[in-house]
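Data block below; observations after.
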There are 2 protein chains.
Amino acid sequence: MAEQAQYEELIRQFSAFGAVKREMGRLLPSGCPSGAAAVLTILDRHGDMRLSKLAELLAVDMSVTSRQVAHVVDRGWIERCPDPVDKRSRILRLTPAGREQMDELTRRTTRMLAERLSDWRDDEIAELTRLMARLRASFDDCRSTPTTPTTPTRPPTEPALEQSTRRPATPAITT
Amino acid sequence: MAEQAQYEELIRQFSAFGAVKREMGRLLPSGCPSGAAAVLTILDRHGDMRLSKLAELLAVDMSVTSRQVAHVVDRGWIERCPDPVDKRSRILRLTPAGREQMDELTRRTTRMLAERLSDWRDDEIAELTRLMARLRASFDDCRSTPTTPTTPTRPPTEPALEQSTRRPATPAITT
DNA sequence: TATTGTTATACTCTATAACTATA
DNA sequence: TATAGTTATAGAGTATAACAATA
């Protein structure tokens, strides 16, 4: 159990992180705002899924996700396929153009990080990554939201926890 | 120098942090949106300053800060005092009511953190805090972006910018 | 009746540009 | 002329509520 002052200091860092987030947001390609980037990253990371699942992973209301998805569909980066088991919903899937866009996002963001964190050691970066993942998980666990199964067609390198009832700890890009 | 994959994973965690931020945002008192909270937090942390300095610390455009400050002034949480050495600018200062609001913010956020991070060890929280502070510093250092040719590159320990602003005790950028 | 998703409305955050007052 | 700040405008993120179609 930590001290009050320790929490206060951590909160200040949370607030300060907003500046980092804004810096990252400034290098997004035009036509691909942060919401679109987040959608692409989650689909790339976790595979095809329905809108409700995507909203859950983003931790935003479904109405928000609905409009963001519509935007990304307009750009041709994802497509909405019929859900064979539930005619109310559709399955969201990255298109080849969406993967290209995703690759461009990755190029830009990793280049910026490589520049900004050039004096960080590998293990420091790994530790920050680990702790932020755990942070997200700690916040995630307190939300109780039942979910329907999805079809993670492309579980990436990390040992993703790709079942349905609990949320994985790693979604999207920048913001 | 880190691997590409390591940067990619870190970026995913940055994005995932958006969910944490949104969760925290949901417990803000009504009438105190995140922008106002950020203004209060910085003034509480770094002491009185002028608008341009505040905008710099927030890493947003001065026009943004101007409106957020106006909002906070309307609520009576900060006041704008005349700057004795430059009639164009005013010095921003927390009012007693502002400190109370800041205390309420601290109460709410620390309570949430204590709840969510109940199974974290002290040293883990401290390490996350330290790494996030360093992250912010790493981004701060190279803020001479191509879009702002007029911006003088910030010297490591900011000098002559504060002669009119009654410099606070705390260094500007947390380290 | 409950759930999935969409749309309408409102509010906030953010940047750019035009403007003023002062330096 | 240059700088500090304000205001207008526009675009994006977000939540709530009302709604449609399906379960």
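Only heavy atoms go into these numbers, but all of them, side chains included; no hydrogens, no water, no symmetry mates. To find a chain, count down the sequence lines: A is the first, B the second, and so on, and within it residues start at 1. Model, not experiment: these values are computed from the prediction.
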message: Need to verify one output field. Residue with the more 5' nearest nucleotide on DNA chain D, A:Val60 or B:Arg80?
response: B:Arg80
message: Any salt bridge linking B:Asp86 with B:Arg50? Criterion: basic side-chain nitrogen under 4.0 Å from a carboxylate oxygen.
response: yes
- request: Map A:Gly18 and A:Val69 onto DNA chain C by nearest heavy atom, then report which one ends up closer to the 5' terminus.
  value: A:Val69
query: A:Leu51 CG to C:dT3 P: how many Å, rounded?
result: 16 Å
- prompt: Name the stems with DNA chain D in them: runs of three or more consecutive Watson-Crick or G-U pairs, distances under 3.5 Å?
  reply: C:1-3 with D:21-23, C:5-23 with D:1-19
- prompt: Can you tell if the side chain of B:Phe14 reaches within under 4.5 Å of the side chain of B:Leu135, non-hydrogen atoms only?
  reply: yes
- prompt: Do A:Ile91 and A:Met49 come within less than 4.5 Å of each other through their side chains, counting heavy atoms only?
  reply: no
Minimum-distance nucleotide to A:Met62 side chain [options: C:dT4, D:dG13, D:dA4]: C:dT4
message: Less than 4.0 angstrom between a side-chain N/O of A:Arg26 and OP1 or OP2 of C:dA15, yes or no?
response: yes
field: Separation of atom CD in A:Glu23 from atom P in C:dT14, rounded to whole Å
entry: 12 Å
- prompt: A:Phe17 versus A:Met132: any side-chain heavy-atom pair under 4.5 Å?
  reply: yes
- prompt: Any salt bridge between B:Arg93 and B:Asp48, counting N to O under 4.0 Å?
  reply: yes
task: Using atom CG of A:Leu54 as one end and atom P of C:dG5 as the other, report the distance to the nearest whole Å.
output: 10 Å
field: Nucleotide D:dT3, atom P - distance to CG of B:Asp83 in whole Å
entry: 17 Å
message: From CD of B:Gln68 over to P of C:dC11, roughly how many Å is that when rounded to an integer?
response: 17 Å
Distance-only donor-acceptor pairs under 3.5 Å for side chains of residues 66-81 of chain B, two or more places apart:
| unit_1 | atom_1 | unit_2 | atom_2 | d |
| --- | --- | --- | --- | --- |
| B:His71 | NE2 | B:Arg75 | NH2 | 3.1 |
| B:Arg75 | NE | B:Gly31 | O | 3.4 |

Shortest side-chain distance from B:Asp61, nucleotide among C:dA15, D:dG5, D:dA15: C:dA15
field: Partner residues of A:Arg12 under the salt bridge (charged side-chain N to carboxylate O under 4.0 Å, His left out) criterion, sequence neighbours left out
entry: A:Glu8, A:Glu9
query: How would you label the contact of B:Ser63 with the nucleic acid (heavy atoms, under 4.0 Å): base, sugar-phosphate, or nothing?
result: base
Distances under 3.5 Å between protein N/O atoms and the N/O atoms of nucleotides 19-23 of chain D, please, pair by pair.
| unit_1 | atom_1 | unit_2 | atom_2 | d |
| --- | --- | --- | --- | --- |
| D:dA23 | OP1 | A:Lys87 | N | 2.9 |

- prompt: Distance check: side-chain N/O of B:Thr65 vs OP1/OP2 of D:dG5, anything under 4.0 Å?
  reply: no
- request: Determine the minimum heavy-atom distance between B:Thr110 and A:Gln4, stating which atoms define it.
  value: OG1-NE2, 3.7 Å
For a quick test of your reading: what N or O donor-acceptor pairs under 3.5 Å do the side chains of residues 34-44 of chain B make, sequence neighbours left out?
| unit_1 | atom_1 | unit_2 | atom_2 | d |
| --- | --- | --- | --- | --- |
| B:Thr41 | OG1 | B:Ala37 | O | 2.7 |
| B:Asp44 | OD1 | B:Arg99 | NH1 | 3.3 |

query: For A:Lys21 and D:dA12, what is the distance between atoms NZ and C1' respectively, to the nearest whole Å?
result: 11 Å
task: Output yes when at least one side-chain N/O atom of A:Ser89 is less than 4.0 Å from OP1 or OP2 of C:dT4, else no.
output: no
query: Which whole-number value in Å describes the distance from B:Met49 CE to D:dG5 P?
result: 12 Å
- prompt: Hey, are the side chains of A:Thr65 and A:Asp61 touching, using non-hydrogen atoms and a 4.5 Å cut-off?
  reply: no
message: What is the distance, to the nearest angstrom, from the CZ atom on B:Arg90 to the C1' atom on D:dT6?
response: 9 Å
query: Phosphate oxygens OP1/OP2 of D:dA15: is one of them under 4.0 Å from a side-chain N or O of A:Arg67?
result: no
query: Does a side-chain N-to-carboxylate-O contact under 4.0 Å join B:Arg111 and B:Glu115?
result: no
query: Tell me, do A:Leu113 and A:Arg108 make a side-chain contact under 4.5 Å, heavy atoms counted?
result: no
field: DNA chain C contacts among residues 97-111 of chain B, heavy-atom distance under 4.0 Å
entry: none
